[in-house]
Amino acid sequence: MGSPKHTTDLDTNYTVDQDWDGYTALEHDTWRRLYARQSALLPNRACPEFLAGLTKLDLNDGGIPDFRRLNESLKALTGWEVVAVPDLVPDAAFFKLLANRQFPAGRFMRKPEEMDYLSEPDVFHDVFGHVPMLTHPVFADYMEAYGKGGLRSLEFDALHHLARLYWYTVEFGLMHGPDGLRIYGAGILSSRTESVFCLESASPNRIAFDLPRVMQTDYRIDDFQQTYFVIDCFEQLLSESYKDFQSIYEALEGAVTYAPDHVCESDSVLNHGTQSHATSAVPK
Ligand code: HBI
Ligand code: FE
């Protein structure tokens, strides 16, 4: 499938032992502080499905969760399991793990001076941010479908489209639920400052989710998002992921790439950000 590099990555096992006994008291303490901070902030901000998952998994019983114990609950709920990885794994390997309902989680804990910003996903981002969502049956199926779509994308040179979909849903997704705007993206849920910014600031765009539109949109990794895409429910996300991505990729060939702050005329806009520029479409 795809290039020889992808084939090699697909055959390599990137998982490691979590080595739970190797964590220091300081690292467990960092988990507890981060947990306390986010769990105080997230009621009425996170979607109810995340908060329910957090309760079910009991991630606050004294430090960094032991994946062996965590997996007993998670597997019983949706058949997903968490596997430890040293850092980012190559895309092909990442997709293969997701397609098999295995979520790769960084085993390292951030340093106390990095409470608010990290460039690589650590155990707090991966476990607190992502794993509660994997207890929800529909979201759990979406993540598997995403992994399968990712494996197929390797044949079409469409990785950038898939990476954008992941970014604007799994990492930075918002949902318009019965009680208003709520967070389901793990990149937000594990961030104290973005949990408030994404809902309350007038600055970012909030635009109704549209699959090809998302696949055409660049993103920023070094600052708050300038655009959030908003879904109605997880069933919508799952049914979108059953679409024929190949025909979407073909339709997107030669299409423009939108800058992160761009607003299109055809967008269904919930909030037009105060920082947006109408002329920010750039050729691919
Ligand atoms: N590896 N461990 C890990 N975690 C990720 O979130 C991750 C990754 N490899 C690739 C990747 N994400 C992204 O490029 C996907 O969006 C495609
Ligand atoms: Fe993540």
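All residue numbers in this chain count up from 1 along the given sequence. From a predicted model like this one, the values you see are computed outputs, not experimental measurements. In listed order, ligands and their atoms are each counted from 1.
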Looking only at protein heavy atoms, which one is nearest to atom 16 (O) of ligand 1, and how far off is it?
Tyr166 CD2, 3.6 Å

Hydrophobic cluster membership, with links at side-chain heavy-atom distances under 4.5 Å among I/L/V/M/F/W/Y: are Val138 and Leu189 in one?
yes

Flag yes if Phe50 and Val196 sit in one hydrophobic cluster, no otherwise; membership is Ile, Leu, Val, Met, Phe, Trp, Tyr, and two members link when side-chain heavy atoms are under 4.5 Å apart.
no

For Arg68, check salt bridge (Lys or Arg N to Asp or Glu O under 4.0 Å) against everything at least two apart and list the hits.
Asp66

For atom 1 (N) of ligand 1, what is the closest protein heavy atom, and at what distance to 0.1 Å?
Val89 N, 3.1 Å

Hydrogens and angles aside, do Asp9 and Tyr14 bring a side-chain donor and acceptor to less than 3.5 Å of each other?
yes

How many degrees, to 10°, between Glu171 OE1 and His130 NE2 as seen from the Fe ion (ligand 2)?
90°

Considering only non-hydrogen protein atoms, determine which one is nearest to atom 3 (C) of ligand 1 and report residue, atom name and distance to 0.1 Å.
Leu88 CD2, 3.6 Å

Provide the number and element of each atom of ligand 1 under 4.0 Å from a heavy atom of Phe95.
17 (C)

Grouping ILVMFWY residues whenever side-chain heavy atoms fall under 4.5 Å, the cluster of Val83 otherwise contains Leu97

Val85 neighbourhood, listing ligand 1 atoms whose heavy-atom distance to it stays under 4.0 Å
2 (N)

Which residue owns the protein heavy atom closest to atom 2 (N) of ligand 1, what's the atom, and how far is it?
Asp87 O, 3.5 Å

Heavy-atom nearest neighbour of atom 15 (C) of ligand 1 within options Trp167, Phe94, Tyr14:
Phe94

Could you tell me if His130 and Glu171 have a donor-acceptor pair between their side chains, going purely by distance under 3.5 Å?
yes

Going by distance alone, is a donor N or O of one side chain under 3.5 Å from an acceptor N or O of the other, for Tyr142 and Thr169?
yes

Looking at non-hydrogen atoms alone, which of Leu162, Asp91, Val83 comes nearest to atom 17 (C) of ligand 1?
Asp91

Assess Val170 for proximity to ligand 1: is some non-hydrogen atom of it under 4.0 Å away?
no

